[in-house]
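Read the structure below first, then the notes.
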Amino acid sequence: MNFGVAWEGLFGYVQGVQVTDTIYLSGQLSHDQSGALVAPAPLDESGKPVDFGQMEEQIRQTYRNAIALLSEFGATLDDVVEETLYVLDVDAAFTAGGKVRKEVYGTEQPQCASNIIGATRLAFPAQLVEITFRAVVGSDLALA
């Protein structure tokens, strides 16, 4: 399962794979269908982001891409049991991510385990966030 973006072939991986009832999505980012980064962060002269104001839109587009991939497996965000956000700025991501997650999951408390991890760099200099997903289909959800 792939989007057909250049880096899939360059790095050599697929965007998603299903093993029995579990779907694993590779780290998703905020690219459009042509592979261009949506809402790229402005960079300083050394190529490092200088503003994290684009975090919300990058997270929103990342979820759009994940939803598209999940649909290829016949799944939705309702099937997601775990997600991990890798971010350059935890504070900005916590605020933006909380808002966007509640919107896309359609509830104040999405029923999936979630992790947020600060990173020093992601795949592309203007990229602020990358999210991995694990979904389980054909199983009842049990909450602890």
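Since this is a predicted model, take the numbers as computed values, not measurements. Sequential numbering from 1 along the given sequence is applied to the chain's residues.
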Is the shortest side-chain heavy-atom distance between [X] and [Y] below 4.5 Å?
X    : Y    : answer
T132 : E83  : no
E82  : C112 : no
M55  : Q58  : no
S114 : R101 : yes
H31  : V38  : no
T84  : I117 : yes
R60  : S30  : no
P49  : L88  : yes

Straight-line distance of [X] [atom1] to [Y] [atom2], nearest 0.5 Å:
X    : Y    : atom1 : atom2 : result
L128 : E57  : CG    : CD    : 11.5 Å
T95  : D89  : OG1   : CG    : 9.0 Å
R134 : I23  : CZ    : CD1   : 12.0 Å
R64  : I59  : CZ    : CD1   : 12.0 Å
R121 : Q127 : CZ    : CD    : 8.5 Å
I131 : N65  : CD1   : CG    : 10.0 Å

Sub-3.5 Å donor-acceptor pair from the side chain of [X] to the main-chain atoms of [Y], do we have one?
X   : Y   : result
S71 : A68 : yes
Q18 : T20 : yes
Q28 : S26 : yes

Return the minimal non-hydrogen interatomic distance between [X] and [Y], and the atom names on each side.
X   : Y    : answer
L43 : P125 : CD2-O, 3.5 Å
P42 : D51  : CG-CB, 3.7 Å
L70 : A135 : CD2-CB, 4.0 Å
D32 : S34  : OD1-OG, 2.8 Å

Kindly indicate, with the supporting measurements, whether the criterion side-chain contact (heavy atoms from CB on, under 4.5 Å) is fulfilled by T62 and V129. CA-CA 8 Å; T62 300; V129 61; 4.1 Å; yes

Pick out which of L77, T76, D78, V100 makes a side-chain contact (heavy atoms from CB on, under 4.5 Å) with Y105.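 Testing Y105 for a side-chain contact (heavy atoms from CB on, under 4.5 Å) against L77, T76, D78, V100 leaves exactly one candidate, L77.
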
Please walk me through it: do V87 and L122 pass side-chain contact (heavy atoms from CB on, under 4.5 Å)? CA-CA 8 Å; V87 301; L122 297 170; over 6 Å; no

side-chain contact (heavy atoms from CB on, under 4.5 Å) evaluation trace for L29 with L37: CA-CA 8 Å; L29 55 125; L37 195 64; 3.7 Å; yes

For residues F133 and Y63, establish whether the separation of their ring centroids is below 6.0 Å.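 Yes: the rings meet the under 6.0 Å criterion.
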
